[in-house]
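On a predicted model such as this, the values are computed, not experimentally measured, just so you know. Just so we're on the same page: letters track the sequence lines, and every chain starts at 1.
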There are 2 protein chains.
Amino acid sequence: MTVDRRSFRRESEDQRRESLILAALELMSEGGPAAATVRAIAERAGTTPGLIRHYFQSKDQLTRDAYRWMMDRMTTDSQSASATASSPEAALAALIRSSLQPPVMDGTRVRLWAGFLHMVQDDPAMREVHMATYTRYRDLLQSLIQRLPGKGNPGVARGLAIACNAVIDGLWLEGGTLPDSFAPREIEQIGLSAISAILGTDLTPFAKDQDA
Amino acid sequence: MTVDRRSFRRESEDQRRESLILAALELMSEGGPAAATVRAIAERAGTTPGLIRHYFQSKDQLTRDAYRWMMDRMTTDSQSASATASSPEAALAALIRSSLQPPVMDGTRVRLWAGFLHMVQDDPAMREVHMATYTRYRDLLQSLIQRLPGKGNPGVARGLAIACNAVIDGLWLEGGTLPDSFAPREIEQIGLSAISAILGTDLTPFAKDQDA
DNA sequence: CGCGTTGTTATACGATTGTATAACAGTGAG
DNA sequence: CTCACTGTTATACAATCGTATAACAACGCG
């Protein structure tokens with residue numbers, strides 16, 4: 001009388017970790033943090049619960065790693081668009097536009113980000129990631145603003161960067177959670193217009209898809 | 001051999017409901033949605049778990065009621081400041097300032113709001129409250145903007161209101177989650193400056209505490 | 001091809017969850 | 001003062017949580 005045991009393949013450590021993290025993030029975005037149980041994560045990843053503890057010290061550690069993984073990808077997705085621009089104006093516009101379009105601006109990501117928020121308060125490691133992500137994005141904004149004509153003063157540029165960052169964050173939030181309340185690309189256009197007004201630099205010519 | 005039973009007082013239905021809702025919100029803001037268990041809520045409210053099911057059909061119903069209660073209070077807190085202003089400029093400035101100061105701008109409230117976000121997606125009643133709260137705030141902004149000189153066009157005012165709302169939401173988020181990253185009242189001043197630029201109307205004279 | 005390593009599965013355990021039910025006791029009506 | 005009503009407490013229950021442990025089997029090495 002043998003118990004029928006499911007067949008399996010041995011995978012590399014990196015692949016296992018990533019597939020488990022991805023499964024956890026999927027479940028969290030779909031049903032909130034409570035939906036990401038070890039059993040559900042294992043099933044989504046096509047394995048069994050015990051394997052999670054084999055690759056992560058605890059479920060909390062998996063959660064921490066998943067948070068870092070998500071924040072890294074958000075940073076990459078939004079900032080890569082501005083890297084190839086030829087002028088600070090074009091780079092700013094590209095950064096704004098990519099931040100206010102899928103896949104960055106998306107209900108899934110907003111809910112995911114929100115679900116992690118309360119853990120960020122207590123856990124020092126997660127708090128560090130949270131602040132580093134925010135700071136990196138804002139510093140990029142500030143460095144681009146300082147390269148604009150007449151915006152070289154760091155003190156002034158800091159305030160402008162905080163304001164521009166707030167516009168982007170607010171639109172990202174609302175566009176992600178209430179997608180049906182806005183016309184296609186409306187969020188993107190409003191973001192470019194508002195930041196143009198704040199900076200006193202017209203970025204709206206960069207609204208359409210075109211090379212700089 | 002009698003079991004020692006804790007003494008109690010009979011309270012009104014309204015008082016019980018509110019004390020249970022308040023306890024649930026406190027726990028959620030402190031430790032996330034998972035911390036608001038029926039036992040923890042009852043203990044915080046000074047009663048026993050069974051009483052929750054006496055006043056609420058289920059824990060989910062308590063959660064829904066708590067969400068509505070919180071959103072109502074946030075709306076009241078931020079909008080009452082602008083009701084007594086004598087000009088649209090003063091009303092706008094008062095609305096912005098109250099939204100970017102405690103008790104509205106506060107880490108506790110941001111985490112609370114974020115903790116509810118994923119439930120808003122699935123539950124139709126909560127989704128309704130979410131959208132209604134956002135719409136009411138933005139409509140108030142838009143009506144004030146339309147009363148500004150040269151801003152009467154509804155189509156234009158809509159886009160401006162969305163942008164101003166985004167500035168406020170973004171600053172509210174960042175000031176709430178990273179309070180140590182900003183000087184006192186810095187958020188408030190940046191909000192007034194940015195929205196002044198977006199609207200082309202100087203609101204910074206209303207920055208200090210004074211009667212309009 | 002046989003064998004040991006270890007990635008993977010299966011099972012079990014205590015703790016905690018939301019819920020259901022019954023007994024108690026505070027309170028107002030008569 | 002008494003009694004019935006019902007707000008409140010106490011207890012129990014099934015389900016599910018994260019975790020721990022041991023048995024199995026896939027794969028690389030000789």
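Rounded to whole Å, the distance from CZ on A:R5 to C1' on C:dT8 is 8 Å. Rounded to whole angstrom, the span from the CG atom of A:D60 across to the C1' atom of D:dT19 amounts to 12 Å. B:I52 has its CD1 atom 15 Å from the C1' atom of C:dA20, to the nearest Å. In this structure, CG of A:D4 is placed 14 Å from C1' of D:dA25, rounded to the nearest angstrom. Distance CZ (A:R6) to C1' (C:dT8): 10 Å, rounded to an integer number of Å. Taking atom CG of residue B:L51 and atom P of nucleotide C:dG18, one finds them 15 Å apart after rounding to whole Å.
Distances shown here put every side-chain N or O of A:H54 at or beyond 4.0 Å from the OP1 or OP2 atom of C:dT8.
In this structure, CE in A:M126 is found 9.5 Å from CZ in A:R68, a value given to the nearest 0.5 Å. For the atom pair OG1 (A:T135) and CG (B:L178), the distance works out to 7.0 Å, reported to the nearest 0.5 Å. For the atom pair CD of A:E174 and CZ of A:F182, the computed distance is 5.5 Å after rounding to the nearest 0.5 Å.
Using a 30° and 60° split on the angle between ring planes, A:H130 and A:W113 fall in the tilted class, from 30° to 60°.
Environment of CD in B:E43: sparse, with no more than 12 heavy atoms of neighbouring residues, nucleotides or ligands closer than 6.0 Å.
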Below 3.5 Å is the cut-off: list the nitrogen or oxygen pairs between protein and nucleotides 16-18 of chain D, distance only.
unit_1	atom_1	unit_2	atom_2	d
D:dG18	OP1	A:K59	NZ	2.7
D:dG18	OP2	A:V38	N	2.9
D:dG18	N7	A:R39	NH1	2.9
D:dG18	O6	A:R39	NH2	2.8

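If you check D:dC24, D:dT9, C:dG7 against the side chain of A:Y55, the one that comes closest is C:dG7.
Listed by residue number, A:F8, A:R9, A:R10, A:E11, A:R16 are the residues of residues 7-19 of chain A with a heavy-atom contact under 4.0 Å to DNA chain C.
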Report the C-alpha separation of A:T108 and A:D106 in whole Å, then their side-chain angles, then the decisive distance to 0.1 Å, and conclude whether the side chain to side chain donor-acceptor pair (under 3.5 Å) test is met.
CA-CA 5 Å; A:T108 294; A:D106 177 70; 3.2 Å; yes

Derivation and outcome, side-chain contact (heavy atoms from CB on, under 4.5 Å), residues B:F116 and B:M70
CA-CA 10 Å; B:F116 277 111; B:M70 175 198 70; 3.8 Å; yes

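Residues satisfying the side chain to side chain contact (heavy atoms under 4.5 Å, CB included) test with A:S7, not counting sequence neighbours, are none.
Residues A:Y134 and B:S181 bring no donor and acceptor atom of their side chains to less than 3.5 Å of each other.
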